[in-house]
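Presented below is the structure to which this report refers.
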Amino acid sequence: MKSIVILISGRGSNMEAIVRACATEGWPARIAAVISNRPGAAGLAFADQHGIATAVVDHKAFANREAFDAELQKVIDGYAPDLLVLAGFMRILTPAFTAHYAERMLNIHPSLLPAFTGLHTHARALEMGCKFVGATVHFVTAELDHGAIVAQAVVPVQVGDDEDSLSARVLKLEHRMYPQAVRWFVQDQLQIEGGVVRQTAGESQSFI
Ligand code: GAR
């Protein structure tokens with residue numbers, strides 16, 4: 001039975017999708033805690049209602065990133081996770097933190113990486129005239145929004161689309177893709193070779 005800790009900063013809809021999939025699909029895993037860097041994060045209430053331990057480590061209470069990450073790591077490690085899942089966790093992490101969770105920390109980013117790292121991904125894709133947008137689940141490394149790609153979801157851009165309409169369509173796919181990627185991890189079905197991730201049971205890592 002693997003232990004999962006999920007980090008959020010806000011709404012937490014991806015966290016919700018993972019919690020529900022873990023319960024309904026009977027994964028060999030439990031969600032040990034949901035932790036937020038923002039005291040008012042809406043997702044904390046959902047976790048609480050589902051009997052999951054919650055914690056807040058407010059980044060505003062720390063003088064620098066190193067101090068915040070050190071405290072966050074301490075709180076996370078209190079739950080002894082096998083896997084750390086970033087689900088809309090909007091913080092840049094220090095190299096010491098990413099090294100500590102190397103190959104056991106996943107993130108979801110709303111773009112087809114390596115394109116559009118950082119913020120406002122769909123708006124920037126529209127500005128560039130991209131015909132497809134999407135989302136990527138990847139292992140986290142010290143470099144922001146880099147790291148071996150576990151799965152990608154693609155959405156075609158239609159006439160009249162704006163940032164909101166694209167976010168909504170991509171989010172639906174995120175909710176399918178992220179739980180599957182987490183399930184693969186807990187079932188030991190992810191193998192990283194030369195920076196490339198293979199799903200060892202042959203399930204598709206592409207979501208459309
Ligand atoms: C999701 O769309 C996720 O891809 C994005 O934030 C949203 C969180 O929604 N993540 C990032 O931008 C990370 N850089 P949620 O809180 O409802 O899961």
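In each ligand, atom 1 is the first atom listed, and ligand 1 is the first ligand listed.
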Using heavy atoms and a strict 4.0 Å limit, residues surrounding ligand 1 turn out to be Arg11, Gly12, Ser13, Asn14, Gly88, Met90, Ile108, His109, Pro110, Leu171, Glu174

Would you tabulate the side-chain donor-acceptor contacts of residues 52-64 under 3.5 Å, counting partners in other chains and residues two or more places apart, or write 'none'?
from  : atom 1 : to    : atom 2 : distance (Å)
Asp58 : OD1    : Lys60 : N      : 2.9
His59 : ND1    : Asn37 : O      : 3.4
His59 : ND1    : Asn37 : ND2    : 3.0
Asn64 : OD1    : Glu66 : N      : 3.3
Asn64 : OD1    : Ala67 : N      : 2.8

Go through the steps to decide whether Ile76 and Leu7 satisfy the test side-chain contact (heavy atoms from CB on, under 4.5 Å), and finish with yes or no.
CA-CA 9 Å; Ile76 293 166; Leu7 303 188; 4.1 Å; yes

Is the side chain of Arg104 donor-acceptor paired with the backbone N or O of Pro81 at a distance under 3.5 Å, no angle test?
yes

Quick one: does Gln205's side chain have a donor or acceptor within less than 3.5 Å of a partner on Gln199's backbone?
yes

Qualifying residues under side chain to side chain donor-acceptor pair (under 3.5 Å), relative to Arg183, sequence neighbours excluded:
Gln187, Glu203

Show every side-chain hydrogen bond (donor to acceptor under 3.5 Å, both in side chains) that has at least one partner inside residues 17-33, sequence neighbours left out.
Glu16-Arg20, Glu25-Trp27

